[in-house]
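One structure coming up, written as structure tokens, with questions to follow.
Residue indices begin at 1 and follow the sequence shown.
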Amino acid sequence: MVNAFQTDYLKALNDRQREAVEHREGPLLVIAGAGSGKTRTLTYRVAHLVEQQISPRSILLLTFTRKAAAEMLNRASKLLDDRCGQISGGTFHGFSNLLIKKYAKQLNMGPCFSILDRADTHHLISMAKKGLGGIKEIRAFPKSRTLAQVFSMAANKERTIEEIIEENFGHLALFTQDVRAIFDEYTRHKARHHFLDYDDLLLYAKRLLSEHEDIRERVSATYRYIMVDEYQDTNRIQAELLYLLAETHHNIMAVGDDAQSIYAFRGADIQNILEFPRRFGNTRIIRLEENYRSVQPILTITNAILEKAEERYPKRLFTRKTQGKIPCLIRAEDENTQSRFVVEKVFALQQDGVSLDQIAILFRSSFHSFDLEIELKRKGIPFVKVGGFQFAESAHIKDFLAHLKVMTNPYDRLSWLRILMLLERVGPKTAEKIFDALVAQDAGLSGFFSLKRSAFSFTNLRSLQELFKCLQADNLKPVEMGEHVARYYLPLLRENYEDHPKRAKELEQVLVILDRYASLENFLSDMALEPPNTSAGSVFHLPEAGDKRLTLSTIHSAKGLEWHSVFIICALEGRFPSYQSALQPHAFEEELRLMYVAATRAKENLFFVYPQDVFDRSSGMVLNRPSPFLREIPKEMLKKQVARTRAGVTGSRRLGMGRFHNRRF
């Protein structure tokens, strides 16, 4: 009797998917293009192997989340029967933990080792830092959280601490020797107390299989059929683990998409998927190119983007949805025009019946959406933002704004205390005394200038007094005041935050927003009432909006998701890619793949938008060209337009959104 599953899966899969499902022996690399049904393919292969009388206990499914593995095995069980539930499925780290527990003796470890969670890791690093008396506790020294990032990246990339600091944390170069000393002490602490951190799980599992041939052969013989999802996201250690696990049989199926390898900052190495056929001889390669998500005009543009990649597996996505709108490249006059265009287009899509939760605005870096967030809130469009950081509550933003707030309210106690405690040797009590003395003068900001220096001789108030004298100059525009504050604050930023280059870039974006205001009071009011907020999961609600919200997301956070209509904003050379990435071939290639990932999130409508006139303060350059990933795409694939407001509308932000005139260019 023919099993129902045998009949169903033949109908449910396309030819390439079915080839992958029916593959039995030897290495198989499945290059699964975006939206091509890779999860279905993996699920059906799990069920098919069990149906072919392969013991479920000899099958190993490795994914990047336990949830993904559980869902695949649950679906496989529904396709076939409960035998699929006996398959070993989970993450690399979970599997490594089981191996280490089973063979702890061979690693000279006790059976009762403890795994450090993130908080424990930070605490132990702090202990290691304190244990080294030669390290001075200065404000600019990297905090435990940053040190943990350095240590983790070194482990995942199998690089030295010195190499990681030089390549990824250049602003910490001054502390390289101290960071190395802390790392060594942290490693000793772990060994002494039988601790393993998250990265140690992979390192110890690899060491176990590398150094003990008998165990390697035993484990390899146990798991005779190995499948791994999202192979392009594996790091060097994970790839090595797979080579060791499949050593005796080479029955390994790796599923991934080199074009979606975008996590190098986490240690992912695209060379793993590119070198797979070399590491496993006689590898069979199957390409899943039929897309079930997007209309053909969107796939045509994504294929064109991908053709610019130097290192890749050739593939061309196609779909049976041959009709659809041609994607658009919109040039806006400036960043606010970009924001206002997006807002108006969102309203138009709603009128066409597209719900807010089916629209997404994607961006390369979190600060790219600050201006748009203000416009969305002003127009009452509810949204959720995913990825990035807490902008409105970030310490450096609050520091910056505090200096401007006292210009409009010289008796703002909270702002004064915040400003004063940035000064060396000024704590809460001293700050209170200085503020009380200022109030006693009863002369507004001028009272700060007349404070007797002898009363606070141990503090350096001169530079702060000089700043406020500059800010009181006649006819200063709000943005010019902001620039004065930024010049004063940047040395303090470098002293207080080890990630100061990133924070400085975010301050630049605040200056861009400030540049549109003629009134400092209006700017501060908007920042208080409608601040850009980039915390993951933060939501701006309207009572009548229900659960229908627009999605704002970094592209990294959007991977694996899809929407009816997608806007990719700041598609601007110098922003996407950044100038720093453009100078590094590997980084430039990853930025290109990031653009591909963003574009393949769209099902029906795709808009690339870039502002034409953006001054980049860090480089001193005006950015005005579209992303190089889009410039040479033929006009029949990409409709080019200009968005500008009517004359007079952009003169005041209070006049509303205005209407946009589109024309081709």
task: May I ask you to decide whether Lys206 forms a salt bridge with Glu240, counting only side-chain N to carboxylate O separations under 4.0 Å?
output: no
statement: In terms of heavy-atom contacts, Asp399 and Arg418 come closest through OD1-NE, 2.6 Å
- prompt: Between the side chains of Gln232 and Glu230, does any donor sit under 3.5 Å from an acceptor?
  reply: yes
task: Please assess Glu167 against Arg159 for the test salt bridge (charged side-chain N to carboxylate O under 4.0 Å, His left out), listing each intermediate value before the final yes or no.
output: CA-CA 10 Å; Glu167 296 170 8; Arg159 308 294 293 275; 2.5 Å; yes
query: Do Leu28 and Ile252 pass the side chain to side chain contact (heavy atoms under 4.5 Å, CB included) test, and can you show the C-alpha distance, the side-chain angles, and the key distance before you say yes or no?
result: CA-CA 6 Å; Leu28 172 64; Ile252 178 171; over 6 Å; no
- request: Apply the side chain to side chain contact (heavy atoms under 4.5 Å, CB included) test between Leu62 and each candidate in Thr91, Asp229, Leu242; give the one that qualifies.
  value: Leu242
field: Candidate pair Tyr103 and His212, rule ring pair (Phe, Tyr, Trp, His ring centres under 6.0 Å), full reasoning
entry: CA-CA 10 Å; Tyr103 298 105; His212 299 274; 8.6 Å; no
message: Apply side chain to side chain contact (heavy atoms under 4.5 Å, CB included) to residues Asn168 and Gln149 and explain how you reach the verdict.
response: CA-CA 10 Å; Asn168 302 97; Gln149 293 174 350; over 6 Å; no
message: Donor-acceptor pair, distance only, cut-off 3.5 Å: does the side chain of Asn272 make one with the backbone of Thr234?
response: yes
task: Write down the atom of Leu404, the atom of Val485, and the distance for their closest heavy-atom approach.
output: CD2-CG2, 3.9 Å
message: Assess whether a salt bridge exists between Lys429 and Glu432, defined as any Lys/Arg side-chain N lying under 4.0 Å from an Asp/Glu carboxylate O.
response: no
- prompt: Measuring from Leu60:CG to Asn251:CG, what's the distance to the nearest 0.5 Å?
  reply: 12.5 Å
query: Distance-only, no hydrogens or angles: does the Arg575 side chain make a donor-acceptor pair with backbone N or O of Ala571 under 3.5 Å?
result: no
query: Out of curiosity, Asp199 CG to Ile237 CD1, how far, rounded to the nearest 0.5 Å?
result: 7.0 Å
- prompt: Are Tyr489 and Phe400 close enough that their ring centres sit under 6.0 Å apart?
  reply: no
field: Beyond-backbone contact of Lys129 with Phe141, side-chain heavy atoms, under 4.5 angstrom
entry: yes
task: May I ask you to decide if Leu245's main-chain N or O and Ser220's side chain share a donor-acceptor pair within less than 3.5 Å?
output: yes
message: Determine whether a donor-acceptor pair (N or O, by modelled atom type, separation under 3.5 Å) exists between the side chain of Thr146 and the backbone of Pro142.
response: no
message: To check you understand the geometry: which heavy-atom pair defines the closest contact between Leu561 and Ser557, and what is its length?
response: CD1-O, 4.0 Å
task: Answer yes or no: does atom CZ of Arg218 have more than 12 heavy-atom neighbours from other residues, nucleotides or ligands under 6.0 Å?
output: yes
task: State which residue, out of Arg593, Arg266, Lys559, fulfils the salt bridge (Lys or Arg N to Asp or Glu O under 4.0 Å) condition with Asp233.
output: Lys559
message: Quiz question: by atom type and distance under 3.5 Å, do the side chains of His396 and Arg503 form a donor-acceptor pair?
response: yes
message: Check this for me, if you would: do Arg188 and Asp184 make a salt bridge, where the nitrogen-to-carboxylate-oxygen distance has to be below 4.0 angstrom?
response: no
- prompt: Side chains of Thr554 and Ser366: do they bring a donor and an acceptor to under 3.5 Å?
  reply: no
- prompt: Looking at Ala431 and Leu420, what are the two nearest heavy atoms and their distance?
  reply: O-CD1, 3.7 Å
field: Any donor-acceptor pair under 3.5 Å from Gln584 side chain to Gln580 backbone
entry: yes
message: Please tell me whether Phe629 and Phe588 form a close aromatic pair, meaning their ring centres lie under 6.0 Å apart.
response: yes
message: Applying ring pair (Phe, Tyr, Trp, His ring centres under 6.0 Å) to Phe195 and His189, what does each step give before you reach the verdict?
response: CA-CA 8 Å; Phe195 291 147; His189 271 297; 8.9 Å; no
- request: Say whether, by atom type as modelled, one donor and one acceptor occur between the side chain of Glu166 and the main chain of Glu163 under 3.5 angstrom.
  value: no
- request: Starting at CZ of Arg207, measure out to CG of Asp200 and round the result to the nearest 0.5 Å.
  value: 10.5 Å
task: Please work out whether the ring planes of Phe64 and Phe92 are parallel, tilted or perpendicular, with thresholds of 30° and 60°.
output: tilted
query: With no hydrogens and no angle check, do the side chains of Tyr231 and Asp257 hold a donor and an acceptor under 3.5 Å apart?
result: no
query: Do Tyr610 and Phe576 have their ring centres less than 6.0 Å from each other?
result: no
field: Residue pair Glu211 / Gln106, side-chain donor-acceptor N/O under 3.5 Å
entry: no
query: In chain order, what residues pass the side-chain contact (heavy atoms from CB on, under 4.5 Å) check against Ser581, with sequence neighbours excluded?
result: Pro577, Ser578, Ala587, Glu591
query: What is the minimum heavy-atom distance between Thr121 and Ala148, and which atoms define it?
result: CG2-CB, 4.4 Å
- prompt: At what distance, to the nearest 0.5 angstrom, does CH2 of Trp416 lie from NE2 of His403?
  reply: 8.5 Å
message: Tell me if a side-chain donor or acceptor on Thr65 pairs with a main-chain N or O of Ala68 at a distance below 3.5 Å.
response: yes
- request: Would you please name every residue forming a side-chain contact (heavy atoms from CB on, under 4.5 Å) with Glu483, sequence neighbours left out?
  value: Val479, Glu480, Arg487, Leu511, Arg617
task: Quick one: do Gln177 and Glu162 satisfy side chain to side chain donor-acceptor pair (under 3.5 Å)? Show the steps, please.
output: CA-CA 8 Å; Gln177 290 184 349; Glu162 291 78 6; over 6 Å; no
field: Centroid-centroid under 6.0 Å between Tyr223 and Phe95 rings
entry: yes
message: What I'd like to find out is whether the side chain of Leu107 reaches to under 4.5 Å of the side chain of Ile100, using heavy atoms alone.
response: yes
task: Test Phe169 against Met153 for side chain to side chain contact (heavy atoms under 4.5 Å, CB included), laying out the working first.
output: CA-CA 11 Å; Phe169 297 86; Met153 187 173 290; 4.2 Å; yes
- prompt: Between the main-chain N or O of Leu372 and the side-chain N or O of Ser369, is there a donor-acceptor pair closer than 3.5 Å?
  reply: no
query: OG of Ser96 to OH of Tyr204: how many Å apart, nearest 0.5 Å?
result: 13.0 Å
task: Search all heavy atoms of Ala599 against all heavy atoms of Ile568 and return the closest pair with its distance.
output: N-CD1, 3.8 Å
- request: Taking Tyr313 for its side chain and Leu274 for its backbone only, find out whether a donor-acceptor pair lies under 3.5 Å.
  value: yes
Euclidean distance, Ser261 OG relative to Tyr596 OH, rounded to 0.5 Å: 12.5 Å
task: Output, in order, the C-alpha distance, side-chain angles, deciding distance and verdict of side chain to side chain contact (heavy atoms under 4.5 Å, CB included) for Ile161 and Thr176.
output: CA-CA 8 Å; Ile161 296 296; Thr176 298; 5.6 Å; no
- prompt: Within the distance-only criterion (no hydrogens, no angle test), does the side chain of Asn156 pair as donor or acceptor with the backbone N or O of Ser152 below 3.5 angstrom?
  reply: yes
